[in-house]
Amino acid sequence: MQPANLIDGRAIAETIHQETANRIEILKSRGIQPGLAFIRVGEDPASKVYVGMKERTSARLGIASRTHVFPEKTTQGELLEFIKKLNTDAATHGILVQAPLPNGIDQAMVFSTVSPAKDVDGFHPENVGKLMLGDRTGFVPCTPGGVHELLIRSQTQIAGAEVVVLGRGNIVGKPMLSILIQKSKHASATVTLCHSQTRDIEEHCRRADILIAAMGVTEFVKPGMVKPGAVVIDVGVNRVNDANAKNGYRLVGDVDFLGVQPIAGLITPNPGGVGPMTIAMLMRNTVRAAEMATQ
Ligand code: GUN
């Protein structure tokens with residue numbers, strides 16, 4: 001039997017897809033098809049899987065997606081030139097450069113070359129700044145945006161809550177903090193961001209009403225670190241070797257799910273929690289980009 005305290009990310013993502021599909025219908029009735037360009041550099045196996053999933057969801061919802069694959073040895077200059085061409089292509093409303101990029105390419109430079117109006121990943125400094133300033137005209141990064149939707153749609157009390165975010169990455173930890181500290185109805189939390197230099201990290205975790213694990217350490221969050229009744233969100237996707245698995249590895253989160261689930265008030269399964277939400281937010285951002293470009 002399934003535990004009763006799961007936050008079903010797949011079901012919530014489907015609800016968002018339905019909302020997005022309705023918006024796509026309206027765009028199509030105006031003769032507009034949202035267009036999304038994926039750029040993948042090199043042969044990182046995880047990136048191939050992620051981009052493949054995003055392509056399939058785009059097709060299902062009626063977003064025209066196109067994947068541009070560049071060889072590992074592509075220069076930064078070539079990549080930036082290509083992004084600039086897409087920036088001026090009217091049929092492309094969203095551009096996503098899949099991270100990680102090969103060594104020798106400055107990721108920050110790449111993200112800041114994408115037009116802020118097409119930056120459906122929310123990684124351009126202009127969008128990062130808008131998020132921190134509480135300016136809603138920008139794009140919110142997909143994974144922390146998806147976590148926020150999970151909290152809202154599972155009726156989790158965010159305002160006034162003690163939130164602990166584990167991990168200070170630019171893709172999840174920092175934007176997660178920006179989202180949850182804003183003075184707004186579904187934010188206004190007290191957020192502590194912990195990282196590898198944090199003292200007594202377990203003690204911080206035990207105070208959390210909402211614990212968001214996004215530091216990329218296999219099953220870091222143990223039962224003794226979770227306050228009974230807390231909402232636990234597992235963003236981690238870690239590969240661990242497993243001789244019995246088909247590919248020789250399996251994917252494990254940042255939370256010891258079997259240990260923590262009986263203590264948590266609500267918890268995301270992994271897979272089936274945050275992952276589907278990341279894609280749902282990307283689709284929603286793309287449709288929004290198309291709406292804004294064609295108003
Ligand atoms: N790599 C890991 N997560 C992400 C993401 O949300 N967007 C992009 N572009 N690359 C990623």
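Whatever order the structure lists them in is the order used to number ligands and atoms, beginning at 1.
Note that CG of Leu96 is 14.0 Å distant from NZ of Lys118, once rounded to the nearest 0.5 Å.
Less than 4.0 angstrom separates some heavy atom of Leu96 from each of these atoms of ligand 1: 9 (N). Listed by number with element, the atoms of ligand 1 under 4.0 angstrom from any heavy atom of Asp121 are 5 (C), 6 (O), 7 (N), 8 (C), 9 (N).
Contacts between Ala99 and ligand 1, counted as non-hydrogen atom pairs separated by less than 4.0 Å, involve both the backbone and the side chain. At a 4.0 Å heavy-atom cut-off, ligand 1 touches Val97 through the backbone alone.
The nearest heavy-atom contact from the protein to atom 11 (C) of ligand 1 is Gln98 NE2, 3.4 Å. Annotation: atom 3 (N) of ligand 1 to nearest protein heavy atom, Ile171 CG2, 4.0 Å.
Sorted by first then second residue, the salt bridge (Lys or Arg N to Asp or Glu O under 4.0 Å) pairs that include residues 236-251, not counting sequence neighbours, are Asp242-Arg250. Judged as a side chain to side chain donor-acceptor pair (under 3.5 Å), the pairs with a partner in residues 264-273 (not counting sequence neighbours) are, in order, Asp234-Asn270.
Taking the six-membered ring for Trp, Phe82 and His68 have ring centres closer than 6.0 Å.
Within the structure, ligand 1 lacks Tyr50 among the residues with a heavy atom less than 4.0 angstrom away.
The cationic group of Arg288 lies under 6.0 Å from the six-membered ring centre of Phe139 and within 45° of the ring axis, placing it in a cation-pi geometry.
Not one N or O on the side chain of Asp254 forms a donor-acceptor pair closer than 3.5 Å with the backbone of Val221.
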